[in-house]
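Beneath this line is the structure, given in C-alpha cells, with notes to follow.
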Amino acid sequence: MATKVSIAEFQATALDSIPKLASLSRGTFRTHKTKKIQWRLVQLRKLYWAVEDYRPQLLAALRQDLHKADFEAIISEIDWVLKDCLFMIKHLESWAKDEKLGSPAVPPTFSLMKFRIRKEPLGTVLIIGPYNYPIQLLLAPLVGAIGAGCTAVVKPSELTPACAMVLKELIEKRLDTGAFAVVNGSIPETNALLNEKWDKIFFTGSDVVGKIVAVKAAETLTPVCLELGGKNPAFVTKNANLALAARRLMWGKTQNSGQVCMSQNYVLIDKDIVPTFIEFLKVAYKDMFPNGARASPDLARIVNPRHFNRIKKMLDNTKGTIVMGGQMDESDLFIEPTAVLVNSTDDSMIQEESFGPIFALYPVNSLDEALNIANAVHRTPLSLFSFGSKAENNRVLNEMTSGGATLNDTYFHGSVNTVPFGGVGDSGWGSYRGKASFDCFTHFRTVAETPSWADSLIRVRYMPYDWGKLRMLNRLTAQKPNFNRTGAVVKGFGYWTALVFGLGASSAKGAFLRWLVILAASYYARQR
Ligand SMILES: NC(=O)C1=CN([C@@H]2O[C@H](COP(=O)(O)OP(=O)(O)OC[C@H]3O[C@@H](n4cnc5c(N)ncnc54)[C@H](O)[C@@H]3O)[C@@H](O)[C@H]2O)C=CC1
Ligand SMILES: CC1=C(/C=C/C(C)=C/C=C/C(C)=C/C=C/C=C(C)/C=C/C=C(C)/C=C/C=C(\C)C(=O)O)C(C)(C)CCC1
C-alpha cells in the first residue's frame with residue numbers, strides 16, 4: 001500500500017542565484033574541510049539516511065514521473081544508492097590513503113626519494129542528470145564526489161519534475177548546504193551552470209547535449225565525464241540457448257520500459273533461427289505479462305509525449321514487420337514491448353537510438369556479416385550482448401568494441417553497482433561506480449621528497465655537466481634491451497643463463513617455486 005506523501009510543485013531555481021550557489025560551493029571547498037575523511041564519511045552517512053528516510057517520497061515521485069513500479073524503483077534507484085553509500089563508506093579510508101610508489105614504477109636508484117601518490121579531491125564539481133533513472137544517475141555520481149572530498153552542485157532532469165523536487169529537499173535538508181546545492185531547471189538554468197567554472201563536469205544524457213557540455217567545458221579546459229547513449233547491438237547465433245536469449249533480451253526492453261541507455265537497440269540474428277526466436281520472444285512476453293503489457297502493474301510508461309512520439313516515429317518510419325507487440329496509447333504514454341523484423345540496416349529501427357521498449361531483429365547469414373553491420377552502424381556503442389558459443393562470444397568481444405559487454409545476457413555488466421561503468425569513444429568518456437566513482441573525482445598527485453643528505457648522490461644533474469659522472473651512472477643503472485631491430489627477442493647469454501638457472505620458469509617467483517620443489521624432492525629422496 002503506497003504511503004500518501006506530498007511533493008512540491010516543480011520550481012526552477014532563480015537564474016541569478018546560480019552563480020552564488022556555485023561560488024558558495026567553491027568557497028566551502030577552499031576551507032579544506034572536505035579533505036577530512038571524517039567530514040566525507042559524515043556526509044555519506046547523512047546521504048544514506050536521507051535516501052532511506054525519503055523512501056516514500058522517492059517512490060511516489062518515481063511513480064508520478066515515470067509510472068515506475070516500486071519494485072524497480074527499489075532495486076535500481078533507492079537501494080542502489082544506499083548500497084553505493086555503504087560501499088563508499090566501507091572502503092573510503094583505504095582508497096584515500098597515500099599510495100607508496102616503489103619498484104617497478106620507481107627505479108631502485110630513486111627509491112630514497114619517497115615517491116607516493118596523494119589522492120586529492122578535484123574541487124567543486126557539477127553533476128547533470130538524465131530522466132530515466134533520475135535518482136540513481138544523479139546520486140551515484142554524487143556519492144563518488146563526496147567520497148573523493150569534492151563539493152558539488154547537482155542538476156536533476158526537469159523531465160522528472162517530482163523526483164527533482166524531492167532530490168532538492170533531500171539534499172538541502174540533510175547535507176552540508178555550503179558544500180552541496182541542487183539547481184532545478186532546464187536549458188537556461190543548465191547554461192547558467194555551464195557558464196561557471198568547475199573542476200569537473202559529470203554529465204549523463206544524450207550525445208547531442210553531451211557535445212554542448214564538452215564544447216562549453218573546453219573553453220575553460222574543464223575535464224568532463226560523459227555518460228552518453230549508443231546504438232547497442234545484440235548478436236544471436238545458432239549456438240545460443242534461444243529461449244533464454246529471448247527471455248533475457250525481453251528483460252532488457254521491459255525494465256523502465258526500455259528507457260535504459262545500455263539496453264539493446266537491435267538484434268543481429270542468424271537467419272535460420274529467426275522464426276523460432278520470435279516464438280520464444282512471444283513466450284517470454286506471455287510469461288512476463290500474462291494479461292498483456294498494458295495491464296501489468298510493473299511496466300513503466302514513457303516519460304512524456306515528446307519521447308512517446310519520438311519512439312512512435314521510429315515505428316511509423318520502419319519498413320519492417322512488427323512480429324511482437326506494437327500497441328501504444330499516447331493518453332497513457334504506453335508503448336508495448338515491440339520487436340520489428342527489418343530487412344535493411346538503413347531502417348529507422350536500426351539507425352536511431354530506441355531508448356524505449358522497441359527493438360529491431362535483423363537476419364544475417366553469418367557472424368562475419370553481423371560484425372560488419374554492427375561496426376558500421378555504431379563502432380563504439382555503450383554496450384553489446386552476445387549469445388553464442390564461447391568461441392563466437394570471444395570473436396564478438398575481439399572484433400567489436402563497446403563501453404561494456406555482457407555475454408549470454410542483457411546488461412548484467414551494468415547491473416552491479418560496484419563495478420566500473422562507462423562508454424567508449426562517442427558513447428562516453430570516463431567511468432564511475434565502485435572505486436571508479438572515487439577515482440573519477442580524484443586527482444592522483446605524484447609527490448616526491450628528496451632527502452637533503454642525498455644531494456651528493458644526485459650531483460650529476462647539476463651544471464657544469466660532467467660526462468665522466470654520467471658515464472659512471474650509466475654503467476651502474478643503464479638497461480639493455482633484450483630485443484633486436486626486427487622486434488625479435490634476442491636469446492643471448494643472459495637469456496640462456498636465466499632459462500637454465502630459472503629452470504625454464506618465466507618469472508623469479510616461478511623459478512623460486514621450481515627450485516623449492518626440486519630441493520624438497522631431493523631432501524625427501526635422501527631421507528628414504
Ligand atoms: N551512459 C549512461 O549512463 C546513460 C545515458 N543516457 C542517455 O541519455 C539520453 C536520455 O536522457 P535525457 O534526460 O533525455 O538526456 P538529455 O541529454 O536531453 O538531458 C540530460 C540533461 O541535460 C540537460 N539539457 C537538455 N538539453 C540541454 C541543452 N540544450 N543545454 C544544456 N543542458 C541541456 C537536461 O536538463 C538534463 O538535465 C539518451 O540518449 C540516453 O542514451 C541516459 C541514461 C544513462
Ligand atoms: C542471494 C543468493 C543467490 C544469488 C542470487 C542472485 C544471483 C540474484 C540476482 C539478482 C538479479 C540479477 C537482480 C537484477 C537486478 C537488476 C538491477 C539492479 C538493474 C539495475 C539497472 C540499472 C542500474 C540501470 C541503469 C541504467 C543506466 C545506467 C542506463 O540508462 O544505461 C544464490 C547464488 C542463488 C545463493 C542463495 C543466495
Side-chain angles (χ1 to χ4, degrees), residues 2-29 31 33-34 36 38-65 68 70 73-74 77-86 88-89 92 124-129 131 133-158 160-185 189 193 202 441:
T3 322
K4 200 121 185 68
V5 292
S6 75
I7 297 172
E9 277 285 302
F10 184 77
Q11 200 179 1
T13 305
L15 282 174
D16 61 1
S17 70
I18 292 173
K20 287 178 217 144
L21 289 170
S23 162
L24 180 64
S25 190
R26 278 196 295 269
T28 303
F29 182 72
T31 65
K33 72 175 180 183
T34 70
K36 296 195 180 84
Q38 265 317 311
W39 185 89
R40 303 182 204 178
L41 287 172
V42 167
Q43 295 304 309
L44 288 165
R45 291 175 195 142
K46 285 185 172 181
L47 181 60
Y48 175 94
W49 282 110
V51 172
E52 186 58 76
D53 296 345
Y54 275 81
R55 186 181 282 267
Q57 288 90 329
L58 291 169
L59 288 172
L62 286 163
R63 244 180 277 123
Q64 198 171 309
D65 288 337
K68 207 174 264 202
D70 287 0
I74 288 168
E77 305 241 38
I78 298 173
D79 284 4
W80 183 282
V81 175
L82 293 177
K83 284 190 215 158
D84 271 353
C85 290
L86 294 177
M88 184 61 75
I89 289 167
L92 182 56
T124 301
V125 301
L126 171 64
I127 297 170
I128 303 175
Y131 76 78
Y133 288 84
I135 312 300
Q136 183 218 136
L137 295 178
L138 194 85
L139 293 185
L142 181 63
V143 168
I146 300 176
C150 292
T151 59
V153 175
V154 302
K155 214 294 283 169
S157 170
E158 74 283 13
T160 41
C163 291
M165 290 311 283
V166 176
L167 284 165
K168 187 168 174 65
E169 184 179 323
L170 173 161
I171 289 174
E172 290 181 351
K173 283 217 167 128
R174 298 296 188 89
L175 298 191
D176 182 327
T177 46
F180 305 107
V182 181
V183 165
N184 270 332
E189 292 74 15
L193 285 166
F202 188 105
F441 294 100

Of all residues at least two apart in sequence or in a different chain, which pass the salt bridge (charged side-chain N to carboxylate O under 4.0 Å, His left out) check with [X]?
X: K173; result: E169
X: K46; result: none
X: K33; result: D176
X: R55; result: E52, D79

Rounded to the nearest 0.5 Å, what separates atom [atom1] in [X] from atom [atom2] in [Y]?
X: T28; Y: W39; atom1: OG1; atom2: CH2; answer: 7.5 Å
X: I74; Y: D70; atom1: CD1; atom2: CG; answer: 5.5 Å
X: L137; Y: F202; atom1: CG; atom2: CZ; answer: 8.0 Å
X: T34; Y: F180; atom1: OG1; atom2: CZ; answer: 7.5 Å
X: I18; Y: S23; atom1: CD1; atom2: OG; answer: 13.5 Å
X: E189; Y: I128; atom1: CD; atom2: CD1; answer: 12.0 Å

Any idea which heavy atoms bring [X] and [Y] closest together, and the distance?
X: L92; Y: R40; answer: CD2-CB, 3.8 Å
X: G185; Y: A12; answer: CA-CB, 4.1 Å
X: L62; Y: A73; answer: CD1-CB, 3.5 Å
X: V166; Y: A61; answer: CG2-CB, 4.0 Å
X: D65; Y: P161; answer: OD1-CD, 3.4 Å
X: I78; Y: L58; answer: CD1-CB, 3.8 Å

Practice task
Could you give me the CA-CA distance, side-chain angles and deciding distance for L44 and L86, then say whether side-chain contact (heavy atoms from CB on, under 4.5 Å) is met?
Solution key: CA-CA 8 Å; L44 288 165; L86 294 177; over 6 Å; no
Exercise for the section: Please assess L170 against D53 for the test side-chain contact (heavy atoms from CB on, under 4.5 Å), listing each intermediate value before the final yes or no. Expected result: CA-CA 9 Å; L170 173 161; D53 296 345; over 6 Å; no
With [X], which residues qualify under ring pair (Phe, Tyr, Trp, His ring centres under 6.0 Å), at least two apart?
X: Y133; result: none
X: W49; result: none
X: Y131; result: H307, F355

Problem - Note, L167 side chain near L138 side chain (heavy atom, < 4.5 Å) - result: yes
Handout entry: Chi angles and distances behind the side-chain contact (heavy atoms from CB on, under 4.5 Å) call for I7, Q64
Key = CA-CA 10 Å; I7 297 172; Q64 198 171 309; 3.9 Å; yes
Exercise for the section: For E158, check side-chain hydrogen bond (donor to acceptor under 3.5 Å, both in side chains) against everything at least two apart and list the hits. Expected result: K155
Handout entry: CD/Q11: more than 12 non-hydrogen atoms of other groups inside 6.0 Å
Key = no
State which residues pass side chain to side chain contact (heavy atoms under 4.5 Å, CB included) with [X]; sequence neighbours excluded, sorted by chain then number.
X: T124; value: S25, R26, F29, T151, W198, D199
X: A8; value: M165
X: A181; value: L21, V153
X: A164; value: F10, P156, N184

Problem - Among V154, L193, L15, the one residue meeting side chain to side chain contact (heavy atoms under 4.5 Å, CB included) with V183 - result: L193
Problem - E77 side-chain N/O to I135 backbone N/O, donor-acceptor pair under 3.5 Å - result: yes
